[in-house]
A.B. asks: 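What follows is a single structure, and I will ask about it in a moment.
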There are 2 protein chains.
Amino acid sequence: MARTQGSHSDITGPRIQAAALKLFAQHGYAAVSMRQIAKEVGVQAGALYNYTPDKQSMLFRLMKTHMVDLLTAWEESESPEGPLEQLRHFTRFHIRFHRERPEEVFIAYMELRNLSPENFAEIEALRGQYENALETILKAGVEAGQFHVPDTKIATLAVIAMLTGVNTWYRAGGRLSLDEVEAIYWDMVRKSVAP
Amino acid sequence: MARTQGSHSDITGPRIQAAALKLFAQHGYAAVSMRQIAKEVGVQAGALYNYTPDKQSMLFRLMKTHMVDLLTAWEESESPEGPLEQLRHFTRFHIRFHRERPEEVFIAYMELRNLSPENFAEIEALRGQYENALETILKAGVEAGQFHVPDTKIATLAVIAMLTGVNTWYRAGGRLSLDEVEAIYWDMVRKSVAP
DNA sequence: ACGTTATATGAACATTTGTTCAGATAAAAG
DNA sequence: CTTTTATCTGAACAAATGTTCATATAACGT
């Protein structure tokens, strides 16, 4: 056999991406073989190389797409007036965006060490941009006297770590709705930077 | 050749543990081979099997030892009076303990999915015990009217996520001393659960 | 209908993987 | 010194790894 009926790169491509995403998130990049990904798609391993130069590029692509999506979504979101409202907006945005992409988030946090140095640097730069968005808000709030944090850089990382932690326990259909979760976290974030 | 001069299980055993710890933390469990571990120790791969039944047991042992050490250290630490002081004590303890064992912490968080179901359950139970320690403090504080948190379980996870995040950026000899870091985080934790 | 291009197969490759084991040597015990 | 026990080597195993490529067929453009 050779080319199969109905085969098309517009279909196979995304399916390969999706399979890699799922399997990397489930078992980890290093533990997943190209043959497993191919099997998930219903194709032979060799066919994957029509869509990626190598395995490592698949990982990088997933992570980069995720980070770019994150930054784009943030920039496109409506930013309210005033540091306090902006912080609230960031809190809601972060929880919601991350909750919608648990697999991408998991990979973006866990597989950094499997990136080549150049790829790693690129992802880290994007992450830095995102952190800057929050730090800018915190700095403005401190200057306006609405926040008190001993160190805006650390507060930024602390808040992000706290919010991202939602993904480790939240399950849809659980005890709490996403709205409730957002309210709870917003209460804690708001107070943690209060004067 | 066969048995080597000066060889002794009391020496080789710990060295294997240390090598596995270092390499698992650096490259991830799945990405590290038994031969790499053996090479780090200066021994052939076959010799490892005098100390572990298989690779997976090495991982489990590392994780279990870490979790038991954590719980033991917590139980042995002097607990002050009153929820607020206990929360402060927990904050300091958590940051310090985790800062002293970055490799163990990293592995304990990242390699859960590589455990067999039974092993996973055992580690998760230990983690649950530790989380309970904090939740107990929070509950007491809420009852005494000293804390306000919408949900003690979530607050527990949020605080732990925030504190463990220290490990992702703190480097000895950096801009801030460990004392300063503790003070900064304590400020945020205290306020986040304030009434 | 036909030529071109896109997309897959399936076999092959050199390496590497976790693990086993018989045999050899060192250390400890008698 | 001799025997027993502990510890390691080195070779071996089948299976799995990432990747390449000649080849075949489907889809598309004309």
Side-chain angles (χ1 to χ4, degrees), chain A residues 1-24 26-63 107 111 113-116 118-119, chain B residues 1-24 26-63 107 111 113-116 118-119:
Chain A
M1 257 194 283
R3 179 167 188 174
T4 52
Q5 287 197 13
S7 65
H8 206 298
S9 61
D10 290 348
I11 294 177
T12 307
R15 289 190 58 201
I16 289 175
Q17 290 260 118
L21 178 71
K22 172 184 165 181
L23 292 172
F24 287 168
Q26 203 162 96
H27 308 291
Y29 171 77
V32 173
S33 73
M34 295 299 267
R35 283 172 181 81
Q36 285 177 56
I37 298 172
K39 189 172 191 178
E40 177 87 13
V41 178
V43 95
Q44 294 298 314
L48 301 182
Y49 290 85
N50 289 331
Y51 300 89
T52 183
D54 47 41
K55 189 186 176 191
Q56 145 97 211
S57 300
M58 298 186 78
L59 176 62
F60 176 62
R61 195 180 212 268
L62 288 173
M63 294 178 71
I107 290 172
E111 305 292 357
R113 58 186 165 190
N114 288 307
L115 293 174
S116 70
E118 308 86 28
N119 289 348
Chain B
M1 258 196 284
R3 179 167 188 175
T4 52
Q5 287 198 14
S7 64
H8 206 298
S9 62
D10 290 347
I11 293 178
T12 306
R15 289 190 58 201
I16 289 174
Q17 290 259 118
L21 177 71
K22 172 184 165 182
L23 292 172
F24 287 169
Q26 204 161 96
H27 308 290
Y29 170 78
V32 173
S33 72
M34 296 298 267
R35 283 173 181 81
Q36 285 177 55
I37 298 172
K39 190 172 190 179
E40 177 87 13
V41 178
V43 95
Q44 294 297 315
L48 300 182
Y49 290 85
N50 289 331
Y51 300 89
T52 183
D54 47 41
K55 189 186 175 190
Q56 144 99 212
S57 300
M58 297 186 78
L59 176 62
F60 177 62
R61 194 182 213 267
L62 287 174
M63 294 178 72
I107 291 172
E111 305 292 356
R113 58 188 165 188
N114 288 306
L115 293 175
S116 70
E118 308 87 27
N119 290 347

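Basis for what follows: all heavy atoms, side chains included, without hydrogens, waters or symmetry-related copies. Residue numbers begin at 1 in each chain, while the letters A, B, ... track the order of the sequences.
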A.B. asks: CD of A:Gln44 versus P of D:dT17: gap in Å, rounded?
C.D. replies: 14 Å
A.B. asks: Could you give the CG-to-P distance, from B:Leu48 to D:dC8, as a whole number of Å?
C.D. replies: 10 Å
A.B. asks: How close or far is atom P of D:dA16 from atom CD1 of A:Ile37, stated in whole angstroms?
C.D. replies: 17 Å
A.B. asks: Once you round it to whole Å, what is the distance between P of D:dT9 and CZ of B:Arg35?
C.D. replies: 13 Å
A.B. asks: If I take atom OH in residue B:Tyr49 and atom C1' in nucleotide D:dT9, what distance separates them, rounded to the nearest angstrom?
C.D. replies: 15 Å
A.B. asks: Would you check if the side chain of B:Glu111 reaches a backbone N or O of B:Leu59 as a donor-acceptor pair within less than 3.5 Å?
C.D. replies: no
A.B. asks: Of A:Thr12 and B:Ala45, whose nearest nucleotide on DNA chain C comes first from the 5' end?
C.D. replies: A:Thr12
A.B. asks: Between B:Ser7 and B:Ser33, which has a closest nucleotide on DNA chain C that is more 5'?
C.D. replies: B:Ser33
A.B. asks: Taking the side chain of B:Val43 as its heavy atoms from C-beta onward, which of D:dT9, D:dG18, C:dA24 lies nearest to it?
C.D. replies: D:dT9
A.B. asks: By the 4.0 Å heavy-atom rule, please label B:Val32 as base, sugar-phosphate, or nothing.
C.D. replies: sugar-phosphate
A.B. asks: Whole Å only: how far is the CE atom of A:Met34 from the P atom of D:dA15?
C.D. replies: 23 Å
A.B. asks: To the nearest Å, give me how far apart CD (B:Gln36) and P (C:dT15) are.
C.D. replies: 17 Å
A.B. asks: Should A:Tyr51 be listed as having a side-chain N or O under 4.0 Å from OP1 or OP2 of C:dT7?
C.D. replies: no
A.B. asks: Indicate yes or no for a side-chain donor-acceptor contact from A:Thr4 to the backbone of A:Ser7 under 3.5 Å, with no hydrogens or angles considered.
C.D. replies: no
A.B. asks: Which of the following nucleotides, C:dT19, C:dT9, D:dT19, is nearest to the side chain of B:Asp54?
C.D. replies: C:dT19
A.B. asks: Determine whether any donor atom in the side chain of B:Asn50 lies under 3.5 Å from an acceptor atom in the base of D:dA6, or the reverse, and answer yes or no.
C.D. replies: no
A.B. asks: Are B:Thr4 and D:dT7 close enough that a side-chain N or O sits under 4.0 Å from OP1 or OP2?
C.D. replies: no
A.B. asks: Hey, is the main chain of A:Arg15 close enough, under 3.5 Å, to the side chain of A:Glu40 for a donor-acceptor pair?
C.D. replies: no
A.B. asks: On DNA chain D, does the nearest nucleotide to A:Ala31 precede the nearest nucleotide to A:Gly46 from the 5' side, or the other way round? Give the residue.
C.D. replies: A:Ala31
A.B. asks: Above 12 or not: heavy atoms from other molecules or residues under 6.0 Å from CZ of A:Arg61?
C.D. replies: no
A.B. asks: Quick one: does A:Tyr29's side chain have a donor or acceptor within less than 3.5 Å of a partner on A:Ile107's backbone?
C.D. replies: no
A.B. asks: To the nearest Å, give me how far apart CZ (A:Arg3) and C1' (C:dT7) are.
C.D. replies: 4 Å
